[in-house]
Every structure is written in structure tokens, then in C-alpha cells.
Amino acid sequence: MLKKEIEKIINKAIKQWIKKEQLKIKNVPVFCVEFPPPNIAGDFSCNVALVMAKEIKSSPYALARKITMLIDTTNICNKVEIAGAGFINFFISPGRLYEELEAICKQGEMYGKENIGRQELIQIEFVSANPTGPLHIGHGRGAAIGDALANILTFIGYKVEKEYYVNNRGKQIEVLGCSVMLQYDKISGQQLDRKEKKYLEEKKSEDIYKGEYIEEIARKIFNDKKYNKIEKGRERGHWFFEKAAIEIIQGWIEQVLNDLGVKFNTWFQESKLYEKKGRQTQIDKVTTLLKKKGYLYDKDGAIWFASSKLGDEKDRVVVRKNNEPTYLASDIAYHYDKFVQRKFKKVINIWGADHHGYVARLKGVITALGYNPQDLKVILYQLVSLYRGGKQIAMSTRKGEFVTLREVINEVGPDVCRFFFLMRGANSSLDFDLEIAKKQSPENPVYYIQYAHARICSIFKEAEKKNYSCRKKNIQLELLKEPEELELMKKLAFYPDIVQLCARKLEPHHIVIYLQDLAKNFHSYYNKFRILSDDIALRQARLKLVKGIKKIISNGLNLLGVSVPEKM
RNA sequence: GCCCCUAUAGCUCAGUUGGAUAGAGUACUGGCCUCCGAAGCCAGGAGCGCAGGUUCGAAUCCUGCUAGGGGCACCA
């Protein structure tokens, strides 16, 4: 990776300089190497002189001069320049760019792969929507981000596990079961005097799930032989409908995520935390543990978690008066399972922004369990608003009026869907316009990037047709000397930096921006220069260049989980 | 009332650890296919919500304000 190499070179130079001048500086200060603004000449820029100037009591410019003298750039640069207030600018030499292009073509998918993660075990938990209905579009965003991050982290050497936490117990599941049961009775024409009816009558009617999917589930249970065989002859309580409904809904969820290209390693059932392992459940285990540590106390007949001591705004109930554990109890046990039982070194949770109030509590849990809250990263993504032709589509989960993820995928296709979810940072709310997403125009950047790839494939087909040989060896890359060609090679060489940036910040969208940029450079180059030139040596060199571009586009799209078409 | 996110070009958004003259796309106008895919290319304007502060330097950090979105259960 070029950036790291330059950092190393600078570090070395500074250490030499400190030794030479016998300065009393313990550590080389924190500086950064980055891309200079577009109007500035140079490929990488370093601010070390500006950062150090104050401590040394010297002008940044003079300092930069001294450091520059000691910089050994033979491997990577052909020029180092001081600019502005004292920036040190590096110019990557063409020779080095040719080497990188060779590496890209040779290594293919492996180009830029590193072992930064050192196979550390890391878990990403995402989507985790309650199995009480189909996924909606917001869940899609979480799915796309989580899956892309998993790809990126795996690529740089982490051992990543993707997990979906299934909340298959609790009040909302009871309501689901009852809601389905009501519909079932309607369909079957049976008017059983169920004890659950009383329960439902006591509830406000809003509590019952509406929406067509409830009827669909009830119909499926009624028609499917599988369910008819189960418990035949016995009256079915709401628990039966709960189980069947969850099974059906989870099937839908798995299917739609699968169609989006998202596969989980584990579907962790919340109910597992309540199963006895030996004498006690996981819940019992953590309750005992936290009690021993003094984080739990009794008040008003309930058991409380002293989260206010751990950074939360107030204490929270863990076990209710009626002896039922709360959701938090499950989450404590669940994260105990993640960190203690399964030994994940780092855990990433991806939540919708509406859960932000929960972050402090859960970090408190991690602390209470004796782990570093830094090892739990929570990524909050802002809400997705759906538009059609500039008009917002109103959604209400409660009323069952919402556009499902399924419908969106069916309408715009999985590639566009994933791409749109990934093109913005998680902190920005996302406007998803179905009309734009469907358009196959430059307004829609997915096709722009895919088109660049398809175009390159087409060039190779054309070359084959004309019986142009694509030599593998002795290609004169020095012939690539147009500014556009050098620029393209630089972009390609930056790919590993971009991937690592995404990994460091847990933000996949930088790859999207990068690919758009790369595609733009390519299209522009293509229009200006002829790849299949009559000059054989030049043609070979240019074919190699576009081959490199093709590889990088394909690698990038793969990390995002977007398909890479050879023709479109 | 408290907490989180957001505010950058007419619109949708980038902007790396604070760095140099803040970038794309779209829309608008005009041009480019006898030649590798026109789903493309080239050329043209405008902007960091407001007010302070920190510093060599602020879209970026701090404080206050304004506007929009979300959240504040013994629901999950």
C-alpha cells in the first residue's frame, strides 16, 4: 500500500533527523499522509512539518526542507516537493505505477488483500428484525451495510461471522400468535371459545397486527398439510400459532435476504437463552454473575440494572415484578454469549437510528461483564424514506401499510437496491426514489460503473475477433505515458487505501465513491484514446491498463455485493 | 425538558486524523458516433444554516442559536 510506504519513509527520515540534531523528542508526532486537493500537484501530501513546527520552534517550511533532505524515495517517488505552508508532496514515479498495474493483473482478486485483522474473531450482528412481519426497506439498508462490511473486514484479514438475532419470544410474539389465530378462526369458520379471545378483548384493537400478511400466514397454516398434521386433535393455543407464524415469517426473511445476496452464518434464537443448560439458563447465569458484581438490586418488586453507574442516564429493569425478564435481560445474556462463550474479540451491531437510546445501556452491560465497551461498536444508520417520482410514500408498520423490501427488490433488482443502500454514509438519512432506481441512466450510478466493466469486456471480445494477441510477457508499459493513463494507474494503486479506509471507519460507501470516480476516468479515457491501437506495442500496454481497471471494478463491486456483468 | 443524527451548488450527495484555490451527479445550454458499446464523452455557473470561540490553518473541533428527522417503557 503506497500510503503506508510513504508513512514509513517519513518516519525513518524524522528519526534520522532527530538523532542527527540530537533533539529531545521522544516520539515522532502524529502526522498524516493523504491525497492533496485536486488543484495541487502531487500524489500524496504530508503535514508532518506543520505538526512539528510548534514544538521545534521553527518555521514549518524550514523544517520541511530539513526533513525532505533525509527522505529516501528511491523505491516509490521520482520527486518530492515542498508546497504551501510546508506540506511535503510526493510524486509517485511511473515505474512504481507500472509495478502496481502488474501486481493488479497478476494478483486479481487478491490485490490489496492484507492480514491487518490477523484472523481476529469478529462478529457483525445486523438486520435482527423481529419475526413479526416481512422486512421493510429500512432493514434492507442494515442488511447491505452489514454484509458489505463483513466482506471488507474479511478481505483485510478478520475472521468475520454474520449473525441475525431472532427475537422469538416476548409480548410482540404473543400478539403475533393471537393475531394469526384470529384470522385462522375466520378462515376455518371455527368459532372456538379460546381463552386467548378474552386476552385479546382486553387489549386495545391497535395492538393486534393488521396487514394482509397476517391473513396470508393464517391461510398457509390452514392449507399446509404440514401444519395440519401437527398437534392434530388437540386444541391449538396461541403458542402453536406463534411457532408456526415465526417459522413462516423467518422463511420469508431468509428468502428475501438471500435474494439480496445476504447470507448469515448464524440465526441466533433468543429463546435459546432461556433453555436450561445443566441446571440453569444463560439468563440465570448472567443474573447471578451481575448480582455478585453488585450491578443488580431489588426495588419495587423488580430487579434493576445499575446502568446509571456505567454511563446510562438511568437504571433499567431487568426482571419485572411479574418475574418476567425484560428485553434487556436477554441482551445481557446474549452479549455474554458473544463475548464470554463464543469469544468474539470485537462485536459490531448495526441498528436503525431509532435505537440510539439503547447504546449507552448496552455499553454499560459490556463494562459490567468485565469487557472493554470499545470492543462493541454500534453503527446506527439513519432512516430510509421511500419516494416515487419525487413523492414520498407514507409508511406505517402498525397499520401494516408499508412497502416491503421484497417489493423494492422485485421492482428495481437486487444490484440497484444494494448499491443505493450503500452509496450514502450511514449517518445521512437516505432518500430512495424508486423511479430513479429503475432508470437505466447516468442518474443511476450503478449502471455507470457496471457499464465501464462491460465496456472493457467488450473491448477484449473485439480484440479477440480481430485476432489481436494479448501477450502476457514483455509488455512495454512505459508506453503508458499520457497524463490520463498515469492518472488511471494512480487511481488503481489507491484501491487498497480505500478498502482500508472503509474498514477503519466501518463505512463501505467510500468504495462506491471511489468506483464512480474510477469509472469516470475510464469512460473519459476511452473516449479520448483508442485502446485497440494499430501500434501493436501500445495496444498491448493499453489492454493491460484496461485489464487492471476491469479487475479493480470487479473487486470493488464484489466487496459491495453488487454483480459485475460482462455485458448489459 | 433531555439525548442522538443532519444542515455543503436549484435538487441528491462526497469531502480521510483540522490542511492548500471545497468536489461529483443531476437539471439547464451547446457540441461529439463511416472508427474498441452514445447506458458514453467534451465545454459552460453557483455553495459550507446563523453568531461567536480555539489555531499557523476550520465544512471538519468547542459554545450558543435556528431548522428538519429520530429517540426518551417493568414494549422489543
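Residue numbering restarts at 1 for every chain, and letters A, B, ... go by the order of the sequence lines.
Residue Ser428(A) is classed as a sugar-phosphate contact, given heavy-atom separations below 4.0 Å to backbone atoms only. When heavy atoms are screened at a 4.0 angstrom cut-off, Lys567(A) is found touching base atoms of the nucleic acid. Contacts of Tyr387(A) with the nucleic acid, taken as non-hydrogen atoms under 4.0 Å apart, are absent. At a threshold of 4.0 angstrom between heavy atoms, the contacts of Gly301(A) with the nucleic acid are absent. Using a 4.0 Å heavy-atom criterion, one finds that Ala53(A) contacts no nucleic acid atom at all. Here Leu383(A) lies in heavy-atom contact (under 4.0 Å) with sugar-phosphate atoms only. The residue Ala463(A) sits apart from the nucleic acid: no heavy atom pair falls under 4.0 Å. At a threshold of 4.0 angstrom between heavy atoms, the contacts of Lys520(A) are confined to the sugar-phosphate backbone, with no base atom among them. Among the heavy atoms of the strands lying under 4.0 Å from Asp300(A) is at least one base atom, whether or not backbone atoms are also near. Within the nucleic acid shown, Ala302(A) comes within 4.0 Å of at least one base atom, counting heavy atoms only. Base engagement by Leu50(A) is indicated by at least one non-hydrogen atom pair under 4.0 Å involving a base atom. Within 4.0 Å of Ser330(A), counting heavy atoms only, lies no atom of the nucleic acid at all. Residue Phe460(A) is out of contact with every strand shown, counting any heavy-atom pair closer than 4.0 Å.
Whole-Å rounding puts the Phe44(A) CZ to G19(B) P distance at 16 Å. Here the C1' atom of nucleotide A38(B) and the CZ atom of Phe522(A) are 14 Å apart, to the nearest Å. Per the geometry, CG belonging to Asp354(A) stands 6 Å off P belonging to G71(B), to the nearest Å. Going from atom CZ of Phe529(A) over to atom C1' of C36(B) covers 15 Å, rounded to whole Å.
Tyr165(A) meets the ring-ring contact (aromatic ring centres under 6.0 Å, His included) test with Tyr334(A); sequence neighbours excluded.
Between the base of A20(B) and the side chain of Ser45(A) there is a donor-acceptor pair shorter than 3.5 Å. Looking at His356(A), its side chain comes within 3.5 Å of the base of C3(B) through a donor and an acceptor atom. The base of A20(B) sits with one of its N or O atoms less than 3.5 Å from a complementary donor or acceptor on the side chain of Asn89(A).
With a glycosidic angle more than 90° from 0, C32(B) adopts the anti conformation.
Stacking between Phe87(A) and A20(B) is shown: the ring centroid lies under 5.5 Å from the centre of the six-membered base ring, and the planes differ by under 30°.
Stem analysis of RNA chain B (at least three stacked-register Watson-Crick or G-U pairs, each with both distances under 3.5 Å) gives B:1-7 with B:66-72, B:10-13 with B:23-26, B:28-32 with B:40-44, B:49-53 with B:61-65.
Taking only side-chain nitrogens and oxygens, Ser524(A) comes nearer than 4.0 Å to OP1 or OP2 of C42(B).
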